[in-house]
There are 2 protein chains.
Amino acid sequence: MAIVSRYTVALHILTWLAYWSEKDEFFPSDRIANSVGTSPVFLRRILGQLAKAGLVLVQHGGTGAGWKLARLPEEISLLDVYEAVVQTPLFELHHSQPNPSCIIGNGIQPALQTVYEDSEEALKRRLAQESIRDLVASSLEQGKQ
Amino acid sequence: MAIVSRYTVALHILTWLAYWSEKDEFFPSDRIANSVGTSPVFLRRILGQLAKAGLVLVQHGGTGAGWKLARLPEEISLLDVYEAVVQTPLFELHHSQPNPSCIIGNGIQPALQTVYEDSEEALKRRLAQESIRDLVASSLEQGKQ
DNA sequence: TTTCATTGAAACTGAATCAGTTACATTGAG
DNA sequence: CTCAATGTAACTGATTCAGTTTCAATGAAA
């Protein structure tokens with residue numbers, strides 16, 4: 001299957017927060033939900049992961065409660081977000097155990113592990129090159145057309 | 001989520017066929033299943049996709065029915081297998097529609113599409129560098145330890 | 001100290017996907 | 001003709017995911 005839409009939503013949240021970050025405010029999850037088009041509860045689950053990763057700050061209680069970026073948009077890479085939100089390895093190995101008395105069945109999993117790790121690294125290197133700041137710029141550019 | 005284990009199984013099948021490919025035989029799905037440790041029906045579904053992609057040949061009917069490689073192992077890249085077996089894009093966009101009257105909600109999807117395509121390309125470039133022949137060698141190496 | 005907008009978290013739902021099974025018609029070499 | 005094998009449809013059980021409902025906990029502000 002694919003990389004969960006949760007990642008897309010996380011990027012949307014951060015891009016939105018970055019766009020409004022000049023005002024030094026905390027924004028409640030249902031204001032963000034209005035842009036993303038999904039439920040505030042779903043967003044808070046993701047925001048919780050982003051907070052644990054140190055990408056956003058949360059303010060509890062009171063009228064001004066909500067969320068804001070913990071760093072400058074240019075200091076949050078898409079890889080940071082990936083690692084905050086996607087915990088599982090990109091490739092799955094066998095669900096059932098290969099036959100260990102077959103020479104291929106015995107050696108294929110460690111062989112694949114190496115290739116899989118290298119490939120996932122290639123993906124991550126690419127994600128590391130892009131920041132939330134880039135996404136804001138690119139979204140504004142695309143949105144005006 | 002992750003890239004389906006179907007991809008791992010497809011690589012296992014091809015590596016196994018490559019290992020036995022000196023004998024110019026067709027191997028039935030349940031012999032392959034013995035190495036992979038899964039059901040012949042599941043394998044035949046995958047083998048069907050590999051056949052459509054021109055990676056394996058199938059022989060119907062008779063005593064010698066089964067499957068064999070359509071090309072030399074060094075001429076089958078892991079990318080060939082990926083494209084034969086994985087049809088969905090690597091990254092999912094939103095499940096629900098972002099708010100088009102929000103400037104970020106309006107522009108984020110095309111912005112993401114670009115980054116997602118580039119990142120998927122980076123992954124595929126890495127997969128293109130490895131062949132089934134490499135996997136056979138690496139499996140034998142790993143298996144003997 | 002009270003108010004109250006908001007977060008945090010648990011429990012549940014419905015849909016989708018996946019691996020795996022059963023069953024049976026189809027194929028075609030020998 | 002035989003029969004070992006493929007092709008395929010239908011079903012199951014497990015898992016994951018997005019989304020909803022509900023309610024206790026938080027804590028800034030009045």
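The model shown is predicted, which means the values in this text are computed figures rather than measured ones. Throughout, a chain's letter reflects where its sequence line sits, starting with A, and its residues are numbered from 1.
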ask   = Under the ring-ring contact (aromatic ring centres under 6.0 Å, His included) test, which residues partner B/Y82, sequence neighbours left out?
value = B/Y7
remark   = Residues at least two apart in sequence or cross-chain that pass side-chain contact (heavy atoms from CB on, under 4.5 Å) with A/T38, listed by chain then number, are A/V36, A/F42, A/L43, B/S96
Look at the side chain of [X] and decide which nucleotide, out of [options], has an atom nearest to it.
X     : options              : answer
A/R45 : D/dA18, C/dT6, C/dG8 : D/dA18
A/S96 : C/dT7, C/dG20, D/dG7 : C/dG20
A/W67 : D/dG7, D/dA18, C/dG8 : C/dG8

key: Qualifying salt bridge (Lys or Arg N to Asp or Glu O under 4.0 Å) pairs, either residue in residues 39-61 of chain A, two or more places apart   = none
Test salt bridge (charged side-chain N to carboxylate O under 4.0 Å, His left out) applied to [X] - qualifying residues, sequence neighbours left out:
X      : result
A/D80  : A/R71
B/E117 : none
A/D30  : none
A/E121 : A/R125

request  = Return the residues of residues 20-38 of chain B meeting this criterion: a heavy atom under 4.0 Å from some atom of DNA chain C. Order them by number, or give none.
outcome  = B/T38
Give each protein N/O atom lying under 3.5 Å from an N/O atom of nucleotides 28-30 of chain C, with the pair distance.
residue: C/dG28; atom: N2; partner: B/G62; partner atom: N; Å: 2.9
residue: C/dG28; atom: N3; partner: B/G62; partner atom: N; Å: 3.3

request  = Quick one: list whatever passes side chain to side chain donor-acceptor pair (under 3.5 Å) with A/H60, sequence neighbours left out.
outcome  = none
task = Not counting sequence neighbours, which residues clear side chain to side chain donor-acceptor pair (under 3.5 Å) with B/E130? List them please.
result = B/R126
request  = Check every strand shown and say whether B/G48 touches a base, only sugar-phosphate, or nothing at a heavy-atom separation below 4.0 Å.
outcome  = nothing
N/O-N/O pairs, protein side and nucleotides 22-24 of chain D side, under 3.5 Å:
none

